[in-house]
Number of protein chains: 2
Amino acid sequence: MAQGAPNRQSTLDEVAELAGVSRSVASRVLNNAPHVSRAKREAVERAVLRLGYVPNPTARALATRQTGAAALVVSGEDPSIFADPFFAQVIVGASAALEEAELHLMLCLAASDRGRRRVERLLRSKGADGVMLMALREDDPLARMAEEAEIPVVFGGRPVGLDPRWYVDVDNLGGARAATEYLISLGRTRVVTICGRLDTEVGRARYRGYQDAMLAAGLEPYPPEAGDFTESSGAAAMAALSARHPELDGVFTASDNMGAGALRTLRDAGRRVPVDVAVIGFDDLAVARISDPPLTTVHQPVEGLGREMARMLVALINGQAPTPLILPTRLVTRASA
Amino acid sequence: MAQGAPNRQSTLDEVAELAGVSRSVASRVLNNAPHVSRAKREAVERAVLRLGYVPNPTARALATRQTGAAALVVSGEDPSIFADPFFAQVIVGASAALEEAELHLMLCLAASDRGRRRVERLLRSKGADGVMLMALREDDPLARMAEEAEIPVVFGGRPVGLDPRWYVDVDNLGGARAATEYLISLGRTRVVTICGRLDTEVGRARYRGYQDAMLAAGLEPYPPEAGDFTESSGAAAMAALSARHPELDGVFTASDNMGAGALRTLRDAGRRVPVDVAVIGFDDLAVARISDPPLTTVHQPVEGLGREMARMLVALINGQAPTPLILPTRLVTRASA
DNA sequence: CCTGAAACTGGAAGCGCTTCCAGCCTTCCA
DNA sequence: TGGAAGGCTGGAAGCGCTTCCAGTTTCAGG
């Protein structure tokens, strides 16, 4: 028999009855609240064990007006943008931080219109205690919804044209500048860039960093050649750049995936890396270590991004007033530059 | 002014009052239930719009005993196992399928003991309408919990030593066999394998497939050299194998990451791929396309895995009785073999 | 032994929504 | 025109838990 396996969920009432106390006392015991005598506390604990009681989170949520969950919303046209390992790492960080606060993680991939409507519902119905919002593009309707939401919202990266109250970002500008400076310090003077989508703040900031470094060194920045952060877009952009600027001797790409694509194109064209062309990526994902040659890149604390977003959200939920955060990046030198 | 932004959430009672009907009628309208006259239905809809009313999901959950959420649980010692893009793709598939059923996705990374306890709680407290369980290792306590759970559980891949009632798996055995057969058909006779962890069913099945193909071709299978599916473990295993079996001319690796690692080791050792050694991976992740040379590999429908798990779960939640599913794999030939 | 404060206790009122059910009102046919 | 059938309606009873509050008990201090 042991602890009888109740086929029906037992309730707090049953626990209270078995323990010979009122429901209020039982509730207080479960919540570690004061004003319970030692004897009754133990009686309740025994009953809980005996019944295999587990509180019903929904009922608790209704009574406390706290759902016990936080949502991570990833916005974007193409759902497979999310398959990027980048997000997986963000999730790992966020998940760990939320676990510490005993919050569940809900994941919303707002790709379709339908998905976006669900997110709106979530925000307005308080279906979660707070929301982390990522990858907002220019004019993303989600941004407005978030501003109007009555629950805490933390942005991951700053959306273009908005200046959110709470966000965690990565020092994209500084990282891009450092990468470009490094290329220049290597003696490269004809440094181009494959930047990310210019309708994202990430894309813009990384291009600005490149510009800054070029100008500071007295070099003329090349116009942006944009990709969408994917390998194939990087390969295509590299081909275009090679055709347009055959003299180039350095490339800063705004993502490792694009960097890998660039490497592929250069290899296919018979240009040696780093001898003929030095290449630097951004992100420091696994692909940077695997590519041939391994990619010099700007490391960003991706897991840290998720963790800090979650922590900031938890702070907000607890009524504190955290300040925005910009996480540092750092150059990791490998063989490609 | 437009649709007044109520600073307090409006309730169904308020909607009913404004529409001049009872709460029951209002509820029926919101749920598209019958027995509501056209006039009242419209009155309620007007009131909803006017108040900007959004139903409270928690209250609804309590009343219907349905949470409106499904959980995806990923088990494993190391939380970063999850950073594998594999899971990201599973999530994309699952998310899409759940969206169709209007279910939210909860993500649980059960790495720590604490995480595992939370999952147990989730299962026992019916904190979700159903659960998808992935990456269970031998003797994973989660497996037992799942069997005892009173909510629908779908396994992603079959856990070692268990024969779950509902699961979606990939044809690992067939894929591995096809890969090995292909190497043999290329004239390779000294084919080794870098298999995955042998305490996972995936690892075992892929090794078995290799064995089958070797035996069927009258060749003696080499003993398993195990990695943990990561790039570095693949590199290490390749080094060990090269030392032990310098005669080898073909390698089947149980993951693309390990395949990439093997390529790296071979390159560093000056062995040409595919001339000296042909290499085949498994998974068909992005890395297989990016590696040099691009990796011939066994494609598995990762997103499909997530999608089908979610569909099966939805079917179970709806009281249907789906049958287990084994998704096909297919060889994708590239330059490495 | 009395008094007031402090510590407990349990009744009861919610949290916001669904759903059963009894009664009402149409509608339509004989 | 009467009456049965059936569509509508709203009252009320939950769903399982938290929490306020008033009442009771306990106990140190006088």
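What you see is a predicted model; the values in this text were computed from it and never measured. Chain letters run A, B, ... following the sequence lines, proteins first and then strands; every chain starts at 1.
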Taking for B:R65 and for B:R38 the nucleotide of DNA chain D with the nearest heavy atom, the one nearer the 5' end belongs to B:R38
Residues at least two apart in sequence or cross-chain that pass side-chain contact (heavy atoms from CB on, under 4.5 Å) with A:S75, listed by chain then number, are A:L136, A:D140, A:L142
Looking only at side-chain N and O atoms, does B:R60 offer a donor or acceptor that is under 3.5 Å from a partner on B:N31?
yes
Could you list, one pair per line, each protein nitrogen or oxygen that sits under 3.5 Å from a nitrogen or oxygen of nucleotides 10-13 of chain D, together with the distance?
residue : atom : partner : partner atom : Å
D:dG10  : OP1  : B:K40   : NZ           : 3.4
D:dG10  : OP2  : B:S22   : N            : 3.1
D:dG10  : N7   : B:S24   : OG           : 3.3
D:dG10  : N7   : B:R28   : NH2          : 3.2
D:dG10  : O6   : B:R28   : NH2          : 2.6
D:dG11  : N7   : B:S24   : OG           : 3.4
D:dG11  : O6   : B:S24   : OG           : 2.9

If each end axis of the helix from C:dC1-D:dG30 to C:dA30-D:dT1 is fitted on five C1' pair positions, the angle between them, to 10 degrees, is 40°
The residue among B:L30, B:V21, B:L51 that forms side chain to side chain contact (heavy atoms under 4.5 Å, CB included) with B:V15 is B:L51
| query | Is B:R116 salt-bridged to B:E120, cutoff N-O under 4.0 Å? | reply | no
So the salt bridge (charged side-chain N to carboxylate O under 4.0 Å, His left out) pairs with at least one residue in residues 19-31 of chain B (sequence neighbours excluded) are B:D13-B:R23
Ranking C:dT9, D:dC17, D:dT9 by distance to the side chain of A:V36, first place goes to C:dT9
Just distance, no hydrogens or angles: give the donor-acceptor pairs under 3.5 Å from side chains in residues 87-103 of chain B, sequence neighbours left out.
residue : atom : partner : partner atom : Å
B:E99   : OE2  : A:S112  : OG           : 2.9
B:E102  : OE2  : A:R114  : NH2          : 3.2

Under a 4.0 Å heavy-atom cutoff, the residues of residues 98-106 of chain B touching DNA chain D are none
So CE of A:M132 and CG of A:L107: to nearest 0.5 Å the spacing works out to 9.0 Å
Rounded to whole Å, CZ of B:R60 lies from P of D:dG16 at a distance of 18 Å
